[in-house]
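For reference, the structure is listed below as structure tokens.
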Amino acid sequence: MNDSTNAAAPDYRATLNLPDTPFPMRGDLAKREPAWIKSWQDEGLYKRLRDARCGKPLFVLHDGPPYANGAIHMGHAVNKVLKDMIVKARQLKGFDAQYVPGWDCHGLPIENAIEKKHGRHLSRDDMQARSRAYATEQIALQMADFKRLGVLGDWEHRYATMDPANEAGEIRAFKRVIERGFVYRGLKPVYWCFDCGSSLAEFEIEYADKKSQTLDVAFPAAEPDKLAAAFGLPSLAKPAFVVIWTTTAWTIPANQALNLNPALDYALVDTERGLLVLAESLVEKCLARYGLQGTVLATTKGEKLGGLNFRHPLADTDPGYDRLSPVYLADYATADDGTGIVHSSPAYGLDDFNSCVAHGMKTDQILNPVQGNGCYAADFPLFGGQNIWKAVPVILDTLKAAGRLLATETITHSYPHCWRHKSPVIYRAAAQWFIRMDEGVGVFTTDKAPQSLRRMALDAIEATSFYPENGQARLRDMIANRPDWCISRQRSWGVPLPFFLHKETGDLHPRTMEILDQAADIVEAGGIEAWSRTTAEQILGAEDAALYTKSSDILEVWFDSGSTFWHVLRGQHPEGFHKQGPEADLYLEGHDQHRGWFHSSLLLACALYGRAPYRGLLTHGFTVDSQGRKMSKSLGNGIEPQKVSSTLGAEIIRLWVAASDYSGDIAGDDKILARVVDAYRRIRNTLRFLLANTSDFDTKTDAVAPDELLEIDRWALARTAELQAEILAHYEVYEFHPVVAKLQVFCSEDLGAFYLDALKDRLYTTAPKSLARRSAQTALVTITQAMLRWMAPFLSFTAEEAWKLVGTTPSIFTETYLDFPTPDAELLAKWARIRAVRERVNKEIEAVRTTGAVGSSLQANVTIGAPADQLELLKSLGDDLRFVLITSKAVLAAADELQVTVTPSSDTKCERCWHWRDDVGHDPAHPGLCGRCTSNLYGEGEARRVA
């Protein structure tokens, strides 16, 4: 037996340039991400990024502060990840993209949490101390969760509305608003929540369905002769009544007037219950509702009834109600429903209040029996001490017994609710501090604004960019129609209104503006607690202290968060704080903040310096489940960011957010996240292929000049440049889901299904340092570098992980997007046509493969018949056409239309490259190899021109 018989078969696999990389196929994100976060923190990455962009143009996204209460939910995660992606995208564009995270710390929810734990009767000092400690704990917990999501920011210098410097800054901002003439004190109805025990702003109201009892109530005429004359009658034969319709039975005991429309026609209707005054157009409906027959005796215009007096419906039941209800004419009384007559309790309705005051009623004449806890005053006749909602059936029974209730029924209607407690609210007159929307001037005005606050805010909205655009109309409508802003609250945990009010007149102390400066200094040194401990004697001296009361009101929390730009942004970029004030490039929050933070920030910025504090506003939707239901604990349909991070990885949350169209609601559940995991794996596998096939490539020594690259490699770079232009255009307008979609298509179609597929043979089989292989690697390295930058804003952990293998700087985020030349349009168009032919060929090969006649496409010989233009296109590829098609042979022929014929190869399969060639075994020393493999291994190497 000779030696050749005993020789082992050669291992040609060892001669291939097989991929190799330490970048693992599995990300093990949940396990490995915490280490990345720790390294970012240990290395001071955020500081490094600032140093890397020192002197570059600023981009500031001002953080709308989440409330420091409770663990973050998926809505928080969406919000913070969106902000992080935008900041990182701007950082990669070359901006000094700053992000200072913040927290909203004052206000009722924290007070509620303290009261639940320690009781409702804590002293002010105790409540403030416990609230500050609680908020501090909550910030630490939420900060850890935000960091876990991969959010980069200046965590070391985060801001909080309870920081003494910010509390003091808020007082100074408030002083400036006073100087500009916008602040006044007044008694007027404001939204009041019994659960809060305080007034509410428009921002804190949401509408929900509520069941109410409607009631039609008869008010007896106090001047029957004048009523007869108004209707042109000599006298009245029966007792007469004006009938009102309302859904708020609890307001009837506080009635003080009636409103009729001067332009409406009113009828005097004769019924068995007496003569009823009703809007003429509603007579038929009203009589049907009352179960009465009636005859119209006369009609008259509402203006004829103005000034007539009627008696309270309970005047004969209790002496406490023996008063008159005069008729005031008002346009808001309509014949749309009810009776066309509106009863007026000025303490409990804004229109009622304005109408009564306009007709001469003094504020000290206004009845206001409903207390802040929702009960009537203890000494209030008939209903004293009763909760107003529980008193409704009692009021109905009392009216019925008095013979004044004509009808009642239960309806469901839209009604204002507290957005914190979800409980119904009322309008309630209270002495409060307001910011006026329209013209006016305050006592301490020293620098009156040139326009009304409403006008300045509307103009500022026109100068702001909105993403999506429909947000502009929404905010504009809210500003155009909103009432004055009630800014005072009757709570403990908040920034004080550092006022002293005269005990008799209620006037502010003449040194108020000086006192505001003192208060700001005291608060800056010791927090709001220091002001609470400061006595009137310490500020005013003993003589004045005896005459003045120290206000215990606080500024509402929307003033807190709405004024953060005033003190946070000036520290963030002092050069941006000039005469016009600081300005952020972007505010980003959920779309509910059109009535919240966007709204309050806009009003305060305009009050302070006449324009918005932001150049752009971006809104996102709520997180919902796959059925479109808002995620909530009560429904149990939420996905918790902490759980997802610890199982799938925060990177999956980030990719889910990026892949979602945030302009609407963002759907998520376990199935949706599973699809996101699949998408992540496809992107990661593509990246791994790129890294593995360039691991032996050194850009400094191995890169091929652009004009020496093979044509398909030049196409790949042109396609990459084309895609980058699209991606950067999306990033410019803060769009991410198109980027994710296009990146996935690029990975699966442009690269995976075409370019990389066609490239494998050249990468694996040509000589390691050959032009053919180095050309491919040059393109792959450039594509990798570009892709990592595109991915980094949303796949931050993965991009950083890969960057450690290919980067020359500590972090991908110190880099900027690659600078590509303008894509060669002709080259792109040419290869689009080639790919179309390739798709047709693949389809025909697959049809033959299903018969079992061929295995891989390399076993197929392809004959392509094509019209002249296509034929010339394919001929331009020369013999490289077969590498583009991934077949062992490709023959061209003329034809009237594209035709593809696939036949199994009758040649021998090369043991190394797996091509089926007729020259396999041409070299006796290497009987299993084809000619190009022997050349690549032992000769000069094959020549590749195109692919």
Side-chain angles (χ1 to χ4, degrees), residues 9-13 15-19 685 689 693 712 748-766 772 776 831 833-867 870-871 873-923 926-937 942 944 946-947:
D11 180 13
Y12 292 121
R13 179 180 174 81
T15 69
L16 297 172
N17 310 308
L18 294 178
N685 287 342
F689 181 94
N693 282 284
I712 196 172
S748 62
E749 300 297 326
D750 293 324
L751 297 182
F754 177 59
Y755 180 60
L756 301 183
D757 205 20
L759 212 60
K760 288 176 183 175
D761 180 86
R762 179 154 47 111
L763 286 169
Y764 298 166
T765 67
T766 59
W831 280 87
R833 295 172 65 199
I834 292 170
R835 289 180 67 180
V837 173
R838 185 177 186 267
E839 288 177 13
R840 173 67 182 278
V841 170
N842 285 346
K843 182 179 179 182
E844 298 299 332
I845 291 175
E846 188 59 32
V848 175
R849 194 202 308 268
T850 58
T851 67
V854 299
S856 73
S857 63
L858 287 174
Q859 194 178 354
N861 288 340
V862 175
T863 300
I864 302 174
Q870 276 187 322
L871 196 62
L873 172 73
L874 298 174
K875 282 182 177 179
S876 71
L877 304 183
D879 191 46
D880 285 4
L881 173 61
R882 63 190 177 98
F883 297 116
V884 173
L885 301 178
I886 315 180
T887 61
S888 292
K889 182 181 291 186
V891 178
L892 296 174
D896 293 334
E897 59 182 18
L898 184 64
Q899 299 173 350
V900 178
T901 303
V902 178
T903 56
S905 175
S906 58
D907 295 322
T908 304
K909 181 180 178 182
C910 175
E911 295 177 10
R912 181 172 180 269
C913 71
W914 295 3
H915 282 243
W916 296 67
R917 305 294 296 168
D918 59 7
D919 61 351
V920 173
H922 74 101
D923 184 347
H926 304 286
L929 298 185
C930 66
R932 69 186 192 93
C933 279
T934 56
S935 176
N936 285 331
L937 284 174
E942 67 176 316
R944 294 284 191 98
V946 174

Apply the test side chain to side chain contact (heavy atoms under 4.5 Å, CB included) to residues L892 and L881: give CA-CA distance (whole Å), side-chain angles for both, the deciding distance (0.1 Å), then the verdict.
-> CA-CA 10 Å; L892 296 174; L881 173 61; 3.7 Å; yes
Could you walk me through whether R932 and H915 pass side chain to side chain donor-acceptor pair (under 3.5 Å), step by step?
-> CA-CA 10 Å; R932 69 186 192 93; H915 282 243; 3.2 Å; yes
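Across all their heavy atoms, P867 and D896 have their closest contact at CG-O, 3.4 Å. C910 approaches C930 most closely through the heavy-atom pair SG-N, 3.4 Å. Here the shortest heavy-atom pairing between V946 and S876 reads CG2-O, 4.0 Å. The two residues A895 and G865 have their closest heavy-atom pair at CB-C, 3.6 Å. Of all non-hydrogen atoms in L885 and A890, the two that sit nearest each other are CD1-CB, 4.0 Å. When all heavy atoms of A860 and T887 are compared, the pair lying nearest together is O-CB, 3.6 Å.
When side chains are defined from C-beta on, V902 does not count as touching N861, because their heavy atoms never get closer than 4.5 Å. Counting heavy atoms from C-beta on, the side chains of E749 and F754 never come closer than 4.5 Å. With a 4.5 Å cut-off on side-chain heavy atoms, V920 and D907 do not count as touching. With contacts defined as side-chain heavy-atom distances shorter than 4.5 Å, the pair E942/T765 qualifies. The shortest side-chain heavy-atom distance between I834 and L873 falls under the 4.5 Å cut-off. Side-chain contact between Y764 and N693 is present, with at least one heavy-atom pair separated by less than 4.5 Å. Counting only heavy atoms from C-beta outward, the side chains of L763 and K760 never approach each other to under 4.5 Å. No side-chain heavy atom of D750 sits less than 4.5 Å from a side-chain heavy atom of Y755.
Stacking of R944 on the aromatic ring of F883 is recorded, both the 6.0 Å distance cut-off and the 45° axial limit being met.
Remark: R849 engages E846 in a salt bridge, criterion side-chain N to carboxylate O under 4.0 Å. Comment: D757 engages R838 in a salt bridge, judged by a side-chain N to carboxylate O separation of less than 4.0 angstrom. Under the 4.0 Å criterion applied to side-chain N and carboxylate O atoms, E839 and K843 are not assigned as salt-bridge partners.
For the atom pair D919 CG and T934 OG1, the distance stands at 7.5 Å (nearest 0.5 Å). Distance check, rounded to the nearest 0.5 Å: NZ of K889 to OG of S906 gives 7.0 Å. Separation of atoms CD (Q899) and CZ (R840) is listed at 8.0 Å; rounding is to 0.5 Å.
At least one donor-acceptor pair under 3.5 Å links the side chain of S888 to the backbone N or O of L858. Side-chain atoms of R912 never come within 3.5 Å of backbone atoms of L929 as a donor-acceptor pair (strictly under, hydrogens ignored). Of the possible donor and acceptor atoms, one in the side chain of S857 sits under 3.5 Å from a partner among the backbone N and O of I886.
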